[in-house]
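For reference, the structure discussed in these notes is given below.
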Amino acid sequence: MKDKIENLAKQARESLEKVANMQSLNDLKIKYLGKKSELSNLLKEMANLSSEERPVIGALANKVRKEIEEKIAKKEEELAREELAKKLEKERIDVTLPSTKIKRGSKHPVTRVIEEIEDLFVSMGYTVESGPELETDRFCFELLNLPQGHPARDMQDSFYITDEYLLRTQTSAVQARTMLANEEKTPIRMICPGKTYRREDDATHSHQFTQAEGLVIDENITLADLKGTLEIFAKKIIGENSKLRFRPSYFPFTEPSYEVDVSCFKCGGKGCNLCKQTGWIEVLGSGMVHPNVLRMCGYDPEKYSGFAFGLGLERIAMFKYGIPDMRYLYQNDVRFLSQFDR
Ligand code: DAH
């Protein structure tokens with residue numbers, strides 16, 4: 001019996017020495033320590049031993065059992081450590097490798113111009129207003145002194161949806177909205193950038209374009225205020241050295257009315273292909289708010305006066321960024337757009 005136990009211990013030591021993975025270690029554990037293991041069977045046979053032999057064999061069996069248990073525990077720890085090391089090696093991360101680039105979008109040039117204009121006018125105490133792109137005939141024309149059948153309606157080819165609704169042809173509609181919405185009829189200083197629509201489509205016109213409208217209503221507002229404001233606008237938005245030229249013009253909602261040119265930013269006024277050798281480029285329409293408009297929108301023209309202006313933002317963006325064809329602004333080619341990301 002003693003030999004059997006010692007033999008078993010020897011066998012166990014040898015196979016534990018050789019074991020190389022958890023699975024075989026578990027198998028050995030069952031083989032040597034499990035309920036049906038040889039050691040258990042030998043211990044069952046102890047009942048047949050004499051009372052002198054029993055304690056000696058019992059002590060030996062326990063010693064062997066303990067030894068096997070300890071060896072297995074040690075081996076288990078060793079294997080676990082090895083497996084972890086292997087796993088870490090396999091999943092190794094090289095923190096010096098370049099990461100996947102997150103693609104950043106860039107702002108559209110027209111959006112940049114809108115933000116600059118908003119910042120400038122907000123700094124001068126203006127509010128930023130907006131109105132619907134699907135507009136009524138009343139706000140887009142009638143309240144702006146363009147009654148049904150007025151010949152100046154032909155200046156703008158409109159997309160009518162119904163007899164009453166159209167896609168707004170000008171942000172000027174927001175002038176009337178702002179004045180009417182102001183129930184106390186207090187002074188107004190507002191700027192309104194937004195999309196506008198007309199039935200045209202060629203190299204210099206698109207059926208959808210962007211305008212910004214300005215409106216100031218207060219007591220004692222004069223043409224000098226309009227001029228001063230537009231000069232600040234030209235210097236800050238177009239260029240520090242730009243000069244303005246006011247040409248008398250006609251708009252139904254202003255009297256007097258002006259088309260305003262800015263000295264050519266390409267040649268500085270000497271004459272080039274951009275300004276068609278004139279030295280000037282038209283950028284906006286403006287004027288003193290017509291008394292009819294004030295009256296229809298609830299402002300007393302005896303007490304209040306005001307000025308208004310409207311400009312096309314695609315043109316401003318083209319000048320600012322040297323974009324030769326307006327259609328680039330609508331194609332949303334990322335290669336084009338990302339150039340303005342500075
Ligand atoms: N709404 C005009 C247009 O689209 C531009 C304009 C002219 C706006 C004179 C104004 C203004 O506010 O006073 O052609």
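In each ligand, atom 1 is the first atom listed, and ligand 1 is the first ligand listed. In this text, all values refer to a predicted model and were calculated from it rather than measured experimentally.
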Next item on the list: Output yes when the distance from some N or O of ligand 1 to some N or O of Thr169 is under 3.5 Å, and no in every other case.
Entry: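 In fact, backbone or side chain, Thr169 has no N or O that close.
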Is there at least one pair of N or O atoms, one from Ala308 and one from ligand 1, spaced under 3.5 Å apart?
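Ala308 vs ligand 1: N/O contact under 3.5 Å present.
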Q: Could you establish whether Glu255 and ligand 1 come within less than 4.0 Å of each other, counting only heavy atoms on the residue side?
A: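 Not so, Glu255 does not reach ligand 1.
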Heavy-atom contacts with [X] under 4.0 Å: which atoms of ligand 1 show up? List them by number with element.
X      : value
Phe251 : 7 (C), 9 (C)
Gly287 : 13 (O)
Gln211 : 3 (C), 4 (O)
Gln175 : 12 (O)
Ser172 : 1 (N), 8 (C)
Gln170 : 1 (N), 2 (C), 3 (C), 4 (O)

Consider only side-chain N and O atoms of [X] and [Y], and report whether a donor and an acceptor are under 3.5 Å apart.
X      : Y      : result
Tyr321 : Gln339 : no
Ser24  : Asn21  : yes
Thr136 : Glu164 : no

Between [X] and [Y] (salt bridge meaning N to carboxylate O under 4.0 Å), is one present in this structure?
X      : Y      : result
Asp218 : Arg189 : yes
Glu77  : Arg81  : yes
Asp157 : Arg199 : no
Arg65  : Glu69  : yes
Arg13  : Glu67  : yes

Closest non-hydrogen protein atom to [atom], residue and atom name please, with distance?
atom                    : answer
atom 3 (C) of ligand 1  : Arg198 NH2, 3.6 Å
atom 12 (O) of ligand 1 : Glu213 OE2, 2.6 Å
atom 11 (C) of ligand 1 : Phe253 CE1, 3.5 Å

- Query: Can you tell which of Gly285, Ser249, Ser257 gets a heavy atom nearest to atom 9 (C) of ligand 1?
  - Reply: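 It is Gly285 that holds the nearest heavy atom.
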For atom 5 (C) of ligand 1, which candidate among Gly310, Ser286, Pro252 provides the closest heavy atom?
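Nearest option to atom 5 (C) of ligand 1, by heavy atoms: Gly310.
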task = Answer yes if the ring centres of Tyr126 and Phe233 are under 6.0 angstrom apart, and no otherwise.
result = no
